[in-house]
Amino acid sequence: MGFKLITMPELPEVETIRSGLEKYLVGHKIEDVQINVAKSFIGNPKEIIGAKIAGTRRFGKVLVIDLSNGFSLLTHLKLTGQYIYRGPHLKNPPSLSQKVFGLPGKHTRVIFKLDQNAYLYFNDLRKFGWIRVLETDKVTETGMIGKMGPEPLVGQASSGQAILTLEFFRKILSKSKKPIKLLLMEQEKISGIGNIYANEALWLAGINPRKKSLSLSPSLSEKLFKAIEKVLKEGIKAGGASDMHYVTAAGDEGKYQEHFLVYDKKGEICSRPACRQAGVKIEKIQLGGRGTYFCPICQKL
DNA sequence: CACTTGACCTGTCCGC
DNA sequence: TGCGGACAGGTCAAGT
């Protein structure tokens, strides 16, 4: 396993972090907030001090922590954000992954001091991530979440969020001339898919990432729809993909990177039987400025 | 209007 | 060995 990639939290990673936070944080009270980097925390910390943590939600890649006093904390982890809990609700904490930047460490931007001598650390190497204080009843209509497309995983939508249906998926595709991969990653169309899972889903469906969205046949769009669901589900099942900075709320690593079929596989033999036999190698191109991996044979344009 | 590129950051890796 | 540059990728702003 290489250590050169930054595997940013996408839907399965954020969902894994969320379910950990749900387990560990609910019932805790926020006693204090220490902000080490001003741009990492937007809003007034006084509005959350003294509040109890009531629950967690996820909208696409945005994590929401709802408090008992009418306020919520929204977080986007962007590329390198980590939320790590230490306290009595985490029995037998796993040995801290080396990917964790210390607790606290050099890259700890915000520390929430909770009751019962517990702490929630927000680490973020590149400072792209943010935590924002917002009234709970404004969460679904404000900013990114307000414009966000439907949730691609059945059973995973937060209340009030639409689920992506095949019909809606086809409708989105039919309206866009963009390369399909770029469309999949557009959060205002579908929420939660990033570079890794877009690459993986397209390989699984046997579709070239550059193919124009509106040119997908009904059978291909259905194939892709199912592939998206499959890779996201398997991502969650594996606890997310850790190559560089992603860890769960307990501070340990996910395993989905071991299941990668194309992502970061440039020059390796495509694992589809016919391609493997013929020795076809995975290629890498830039699409929308992002690294894009595909098999030139089983993902023909 | 649609699409592309750059900025935001920091660390790692690669080649000279 | 040291150093500079390319690269990693989500989102938004600015440019074409």
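Bear in mind the structure is a predicted one, so any value in this text is a computation, not a measurement. Just so we're on the same page: letters track the sequence lines, and every chain starts at 1. Values below: all heavy atoms of this structure, side chains included; hydrogens, waters and symmetry mates excluded.
Within the 4.0 Å cut-off from OP1 or OP2 of dA2(B), not a single side-chain nitrogen or oxygen of Lys177(A) is found. Distances shown here put a side-chain N or O of Lys106(A) below 4.0 Å from the OP1 or OP2 atom of dG11(B). Phosphate contact (OP1/OP2 of dG11(B), side-chain N/O of His107(A), threshold under 4.0 Å): present.
Distance Leu184(A) CG to dG9(C) P: 16 Å, rounded to the nearest Å. Remark: P of dC3(B) and CD of Gln286(A) are 19 Å apart, rounded to the nearest angstrom. When the C1' atom of dT10(B) is taken as reference, atom CG of Asn123(A) falls 14 Å away, rounded to whole Å. Computed from coordinates, the Asn36(A) CG to dC9(B) C1' distance equals 17 Å when rounded to whole Å. In this structure, the CG atom of Asp264(A) is 12 Å from the C1' atom of dC7(C), given to the nearest Å. What separates CD of Gln82(A) from C1' of dG11(B) is a distance of 13 Å, to the nearest Å. A straight line from CD1 of Ile180(A) to P of dC3(B) spans 13 Å, rounded to a whole angstrom. To the nearest angstrom, C1' of dA2(B) lies 16 Å from NZ of Lys175(A).
Under 4.0 Å is where a charged nitrogen must lie from a carboxylate oxygen, and between Glu229(A) and Lys226(A) no such pair does. Taking a cutoff of 4.0 Å between a charged side-chain nitrogen and a carboxylate oxygen, Arg18(A) and Glu22(A) qualify as a salt bridge.
dA6(C) and dG6(B) are spaced 15 Å apart, taking the C1' atom of each and rounding to whole Å.
Both Ile207(A) and Leu166(A) belong to a single network of hydrophobic side chains, linked directly or stepwise wherever heavy atoms of I, L, V, M, F, W or Y lie under 4.5 Å apart.
Residue Gly291(A) is in sugar-phosphate contact alone, with no base atom involved, counting any heavy-atom pair closer than 4.0 Å across all strands shown.
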Contact string for nucleotides 10-16 of chain C, one letter per nucleotide 5' to 3', B = base within protein heavy-atom range under 4.0 Å, S = sugar-phosphate only, - = neither, reads BBS----
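Between Glu186(A) and Lys178(A) the shortest side-chain heavy-atom distance falls below 4.5 Å. The shortest distance between side-chain heavy atoms of Val33(A) and Val110(A) falls below 4.5 Å.
Proximity of residues 231-240 of chain A to DNA chain C (heavy atom under 4.0 angstrom from any strand atom) is not detected for any residue.
Comparing dG11(B), dG9(C), dC3(B) against the side chain of Tyr263(A) picks out dG9(C) as the nearest.
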Begin with the C-alpha distance, continue with both residues' side-chain angles, and end with the deciding distance and a verdict on ring-ring contact (aromatic ring centres under 6.0 Å, His included) for Tyr256(A) and Tyr263(A). CA-CA 11 Å; Tyr256(A) 192 67; Tyr263(A) 188 72; over 10 Å; no
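In this model, a donor atom of one side chain and an acceptor atom of the other lie less than 3.5 Å apart for Ser221(A) and Arg170(A). Side-chain atoms of Tyr197(A) and Glu13(A) form a donor-acceptor pair, as typed in the model, at a separation below 3.5 Å.
Of all heavy-atom pairs between Phe260(A) and Ala241(A), the closest is CZ-CB, 3.8 Å.
Ring geometry, His28(A) versus His89(A): the interplanar angle falls under 30°, so the pair is classed parallel (tilted spans 30 to 60°). The aromatic rings of Tyr85(A) and Tyr24(A) sit parallel to each other, their planes meeting at less than 30°, with 60° as the upper class boundary.
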Pairing pattern in dot-bracket form [Watson-Crick, G-U; both distances under 3.5 Å; | = partner strand] for DNA chain B: .|||||||.|||||||
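Each of Gly289(A) and Leu125(A) was matched to the nucleotide of DNA chain B holding its nearest heavy atom; the match closer to the 5' end belongs to Gly289(A).
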